Amino acid sequence: MSEKKGRYITTTLPYVNADPHIGFALEIIQADTLARYWRLMGHEVFFNTGTDEHGQKIAEKADAAGQSRQAYVDHYAEQFDRLKTALNLSYDNFIRTTNENHKAAAQEMWRRCDAAGDIYKKQYKGLYCVGCESFKIESDLVDGTCPEHNTTPEEIEEENYFFKLSNYQAYLEEYLSKEEVIVPEWRRQEALTFVKDGLEDFSISRRKDRMDWGIPVPGDDEHVMYVWFDALTNYISTLGWPEDTASTFATYWQDGETLQCAGKDQVRFQSIMWQAMLKSAGLPATDQVFYHGFINSGGQKMSKSIGNVISPYEMVERYGTDATRYLLLRHVHPVDDSDVTWEKMDEWYTANLVNGLGNLTARIMKMAETHLDGPIEKPTVAQFPEEYLTALNTYNFQAACDYVWGEVQRLDELVTETEPFKLVKEDKPAAQKIITELVHDLYLIGRLLYPIMPEANVAIKEAVLANQKPTNLFNRLEQ
């Protein structure tokens, strides 16, 4: 990415029909790591997240629960906003699509696309998946069912508004031909192939008498916006668009560098539909979208019916906040699907945190506290290692963690080889020199941990500067 004034990063907005799961926790921790890293590098950063709160699925769930739609979404929005504390997140805004300023922005997006001649009304018959909140064509289905939800879409015939996606065939081919617009590369090729196969216009409204939980269509009280048209606008409504009285939109979207983080199933929405909507409204395209893979458990997709869903809140309760961040950043592949179980996480936690980073910190600082005359001089701020920078610049969180734990292993081996705790009895100055170097390098490890494990970053640096062995960074798991 080039050097621009502001850097904008956003997650997708999770749909508030269930509690948070670790798939979204992965996405928001990845985004938070980048936001912290960019701030560390001196950039101005705006980090956005929030909740997607309209649509038929939510309306049906609220009705079944005997709650008002607003009360239902309020409950789940709070469950997602609580992640800020649980996962130590640094986002700047939490936008909800039921906010009045967002509703106004979605309606302005509609008016602009309409003024561009890209919205029209027609009678339509199609297969609608409530789970996906979208119409399906036969090629999307497997044996007549939606592969995502294992349900048979219902046939709907009604008059809807449509967006002329087909108008943007050439534009999207040109946009997706730029290598930097999607990471990883094969997702860009996937999007480009989809566009080159031909684009169909898509429905952007539902009749209010069939589905009333949505933002009203400007100038037509009989229709509400299709949930995706509404929700996608959050990426700019969060910045104060269209009024932009604080120039936040100008700073971060128009003149800044924009990155959207999303799951691999979002390519069609984020890199095709949303980019066409932006072009129609006369707004700049997203600079880049980063797509992560899915997390499975025990070889199967996580499902409540199977009972293999893992909650980020349960992870934090078992391992702690920093350890949860570590487990998802280092042991989940940044772009491919990964398999995670409690048993695997217990092993990773014990081997790499309790017996790894935690034990190393305790050993070095115990030697320092016992054998040094006082704290070492605070290490000067130097350039970060190139391997570490390259990893984070390319969103390879695993590689960044691997570099840090390579340093942990190096120091561990150095302690074993030199045995300064024994040498101190024969040659105290030589032992103190080795211990000083170990403490210095431990401080540098603490620095590297800032975007990844912010609490460990503080604990290690404070221990070094106080020349004191800290309390255990990571507690052993109860058997």
Side-chain angles (χ1 to χ4, degrees), residues 319-323 325-327 329-331 344-389 391 398-479:
Y319 306 115
T321 295
D322 256 14
R325 292 173 64 103
Y326 162 82
L327 290 167
L329 289 169
R330 190 179 186 202
H331 295 286
K344 288 180 182 177
M345 290 193 291
D346 283 357
E347 289 175 14
W348 298 327
Y349 173 83
T350 300
N352 301 316
L353 296 181
V354 177
N355 297 336
L357 178 63
N359 185 53
L360 177 74
T361 302
R363 289 176 77 192
I364 291 176
M365 291 317 301
K366 179 61 178 175
M367 288 189 291
E369 186 179 338
T370 305
H371 302 299
L372 296 187
D373 299 326
I376 68 166
E377 185 176 336
K378 182 179 178 179
T380 55
V381 176
Q383 177 68 27
F384 284 89
E386 197 61 39
E387 188 178 337
Y388 173 85
L389 294 174
Q398 275 190 327
C401 291
D402 285 347
Y403 179 85
V404 177
W405 264 262
E407 286 298 288
V408 169
Q409 183 178 354
R410 181 180 68 81
L411 293 196
D412 218 13
E413 290 171 352
L414 195 58
V415 172
T416 302
E417 290 167 11
T418 59
E419 297 186 318
F421 49 88
K422 290 183 181 178
L423 181 64
V424 72
K425 297 171 187 175
E426 304 166 10
D427 189 343
K428 187 173 181 179
Q432 285 181 319
K433 183 174 184 295
I434 293 170
I435 294 169
T436 298
E437 290 172 358
L438 288 167
V439 174
H440 176 276
D441 288 359
L442 178 65
Y443 184 92
L444 297 184
I445 285 174
R447 286 186 66 222
L448 294 173
L449 286 173
Y450 172 72
I452 301 161
M453 301 171 70
E455 292 173 4
N457 159 270
V458 172
I460 290 171
K461 292 196 299 184
E462 286 182 347
V464 168
L465 297 179
N467 198 43
Q468 289 182 343
K469 174 183 173 292
T471 55
N472 288 343
L473 296 183
F474 308 101
N475 295 320
R476 293 198 174 276
L477 298 173
E478 294 181 8
Q479 297 302 317

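Quantities reported herein were computed from a predicted structural model and do not represent experimental measurements.
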Smallest separation among heavy atoms of [X] and [Y], with atom names:
{"X": "Leu442", "Y": "Leu411", "result": "N-CD1, 3.8 Å"}
{"X": "Gly446", "Y": "Ile460", "result": "CA-CG2, 4.1 Å"}
{"X": "Thr418", "Y": "Leu423", "result": "O-CB, 4.4 Å"}

State, yes or no, whether a side-chain contact exists between [X] and [Y] at a heavy-atom distance under 4.5 Å.
{"X": "Val404", "Y": "Arg330", "answer": "no"}
{"X": "Ile434", "Y": "Met367", "answer": "no"}
{"X": "Leu473", "Y": "Asp322", "answer": "no"}
{"X": "His371", "Y": "Pro420", "answer": "no"}
{"X": "Pro375", "Y": "Val464", "answer": "no"}
{"X": "Pro385", "Y": "Leu448", "answer": "yes"}
{"X": "Gln432", "Y": "Asp373", "answer": "yes"}
{"X": "Phe421", "Y": "Lys366", "answer": "no"}

> Between Ile435 and Val424, does a side chain to side chain contact (heavy atoms under 4.5 Å, CB included) hold up when you go through it step by step?
Replying inline: CA-CA 10 Å; Ile435 294 169; Val424 72; 5.7 Å; no
> Can Asn352 and Leu357 be said to form a side chain to side chain contact (heavy atoms under 4.5 Å, CB included), step by step?
Replying inline: CA-CA 6 Å; Asn352 301 316; Leu357 178 63; over 6 Å; no
> From Glu419 CD over to Leu414 CG, what is the distance, rounded to the nearest 0.5 angstrom?
Replying inline: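 That separation rounds to 11.5 Å.
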>> So, taking the atom named CG in Leu353 and the one named CG in Leu360, what distance separates them when rounded to the nearest 0.5 Å?
In response: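 It is 12.0 Å, given to the nearest 0.5 Å.
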Are any side-chain N or O atoms of [X] and backbone N or O atoms of [Y], one a donor and one an acceptor, separated by less than 3.5 Å?
{"X": "Tyr319", "Y": "Tyr349", "value": "no"}
{"X": "Arg325", "Y": "Met453", "value": "no"}
{"X": "Asn472", "Y": "Gly358", "value": "no"}

> Do the ring planes of Tyr326 and Trp405 sit parallel (below 30°), tilted (30 to 60°) or perpendicular (above 60°)?
Replying inline: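 Rings of Tyr326 and Trp405: tilted, as their planes differ by 30° to 60°.
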> Between Glu407 and Arg410, is there a side-chain N and carboxylate O pair less than 4.0 Å apart?
Replying inline: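 Yes, charged N to carboxylate O under 4.0 Å.
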>> Using the rule given for side chain to side chain contact (heavy atoms under 4.5 Å, CB included), can you reason through Arg363 versus Leu438, listing the C-alpha separation, both sets of side-chain angles and the distance that settles it, and then say yes or no?
In response: CA-CA 10 Å; Arg363 289 176 77 192; Leu438 288 167; over 6 Å; no
>> Quick one, Met365 with Asn467, criterion side chain to side chain contact (heavy atoms under 4.5 Å, CB included). Give me CA distance, side-chain angles, the key distance, then yes/no.
In response: CA-CA 7 Å; Met365 291 317 301; Asn467 198 43; 4.2 Å; yes
